[in-house]
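Here's the structure we're looking at; comments come further down.
Along the sequence shown, residues are numbered consecutively beginning with 1. Each ligand, and each atom within it, is numbered from 1 in the order the structure gives. As the structure is a prediction and not an experimental result, all values here were calculated from the model.
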Amino acid sequence: MTAKKKKIGLFGFGSVGQGLYDILASSKGFNAEVSKIVIKNADKERTLPAEFFSTDANDILNDPTIDLVVELIDNADDAYHIVTSALKSGKTVISANKKLIAEHFVELVNLQKENNATLLYEASSCASIPIIRTLEEYYDNETLHGVSGIFNGSSNYILSKVQNEGLAYASALKDAQDLGFAESDPALDVGGYDAKYKLVIITGHSYGVFLDPDDVFNYGIQHLSEADVEYARSRNLKIKLVAQVSKVDDGNISLFVTPQFVSPESNLYNVENEYNGVTVEAAFSEKQLFYGKGAGGHPTGSAVLSDISAALYDYRYEYKKAKSIVKYSYSKEVELEVYLRFNNQSILDFIPFTAITEEGKNYVVGTVKLGTLLHVKNTLEQDGAFLVSTGKVKKIETNLSQVSQEAVLV
Ligand code: HSE
């Protein structure tokens, strides 16, 4: 006798919701099916019969026959209500919402424990690349030197089109939106926020450190100019938006998202368009690259399918790094080497570089503290300055006691 199919209550039927539906429809023998879909806009034309749809969240949240809640909506505040309500009623929840998870990480981890509920979110970070479960299960014990990479498909798509095909930034962004890669507010993509939310999640699963995204430096690609592209090209480099977390010493990690110069020797050099690439560097396995589509309905839907499947055999994250005896703190007491191209030379008065190694007409290359960058971010943005990290991070020996406090799990 075949087991009764589990019922899925789906929130959202945009590009990822539709992608998941297509994947479920083509996955023969899968023991779960969508029984109700809650959407915001009842007037939009849909590809499924009207009886599937409702605009009332309670049609899923209060339905005891629904086993799994899958949250694939855009608005992180609405998603917070859905996910926390479902967890409080002990339901298994799957979410792709990186902003929601990063901003409420500790609360969501604790809610699972308090309610004996499960929340899975593989699709939230780098879509089809199974990085969260890999960090949680494969790298459960090995010391990680760092995890870095291209975590945002839209900005990578734009940078590829601008640098490789000479497309204008605005047309490349429009293409990324039309192809369904971009967030409904694309400033989250090009400003490095989306990559930062993913980095915060990945940091939790890599080092057991749970951070407020506002405390992590991100600088985006909006102010990229032809001069920056030319600077990189003349040195045989490409500019990529890179998120990175790395171990600074035995007790500290450091993390940030910035455009970065990438050389042909780097694993990330040929990661183009909407593809993501995640490099994991560990003590014994050494450097590994995980490569795959980081955006789009089907790649993201595939990660959601994998979470549904995992939930069917009662998989849950154990947050192993947070339980490890090896504890890390977040330190901003590191120096980054950066290229800074500015519009007004006077902004240099506000940025205390610790050293300057190269000076051009409207740019400098030098080292600056990560903590300083967080403070001067608005000044940089207002100037329209473009900042690129060279990837070199150096620990500041004297001051590592000044570390930030992270939230703790119950
Ligand atoms: N807007 C995101 C991106 C979607 O471009 O990567 C996948 O998280």
Side-chain angles (χ1 to χ4, degrees), residues 11-20 23 70-76 79 83 94-103 105 120-133 147-162 169-203 205 213 218 220-222 224 239-244 257-260 268 271-278 290-307:
F11 284 91
F13 204 60
S15 123
V16 181
Q18 176 77 62
L20 172 68
I23 293 168
V70 177
E71 178 281 304
L72 303 176
I73 66 171
D74 195 44
N75 183 304
V83 169
I94 288 149
S95 171
N97 204 314
K98 50 261 161 156
K99 186 170 192 286
L100 160 77
I101 294 155
E103 285 180 341
F105 207 177
L120 301 177
Y121 41 83
E122 187 63 68
S124 69
S125 301
C126 306
S128 67
I129 300 176
I131 189 64
I132 297 176
R133 250 183 282 160
V147 182
S148 62
I150 295 167
F151 293 0
N152 181 264
S154 303
S155 49
N156 200 44
Y157 181 90
I158 295 167
L159 289 171
S160 294
K161 294 291 168 191
V162 170
Y169 179 96
S171 344
L173 169 58
K174 178 152 189 324
D175 289 352
Q177 290 178 293
D178 292 347
L179 289 162
F181 305 147
E183 300 299 301
S184 51
D185 174 6
L188 294 176
D189 295 294
V190 295
Y193 293 92
D194 177 83
K196 175 166 78 168
Y197 299 139
K198 294 166 181 168
L199 181 64
V200 164
I201 297 169
I202 282 174
T203 299
H205 288 277
N218 62 296
I221 62 165
Q222 305 97 312
L224 175 75
I239 297 169
K240 302 278 185 189
L241 184 68
V242 174
Q244 77 175 63
V257 177
T258 60
Q260 196 167 115
L268 301 179
V271 177
E272 300 285 14
N273 300 318
E274 77 272 31
Y275 280 83
N276 283 187
V278 184
F290 298 84
Y291 171 79
K293 285 199 170 165
H298 286 160
T300 314
S302 119
V304 178
L305 178 84
S306 181
D307 272 352

Discussion item. Test salt bridge (charged side-chain N to carboxylate O under 4.0 Å, His left out) on K98 and D194; report intermediate values, then the result.
Written reply: CA-CA 7 Å; K98 50 261 161 156; D194 177 83; 3.0 Å; yes
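- Contact record, E122 with R133: OE1-N, 2.9 Å, taken as the closest heavy-atom pair.
- In this structure, the side chain of N276 does not engage the main chain of Y291 through any donor-acceptor pair within 3.5 Å.
- No hydrogens or angles considered: nothing links the side chains of Q244 and S148 as a donor-acceptor pair under 3.5 Å.
- For ligand 1, the 4.0 Å heavy-atom shell contains residues K98, N152, G153, S154, F181, A182, E183, D189, D194, K198, G294, A295.
- Shortest non-hydrogen contact noted between V278 and C126 is CG2-SG, 3.9 Å.
- For the pair N156 (side chain) and N273 (backbone), a donor-acceptor distance under 3.5 Å is present.
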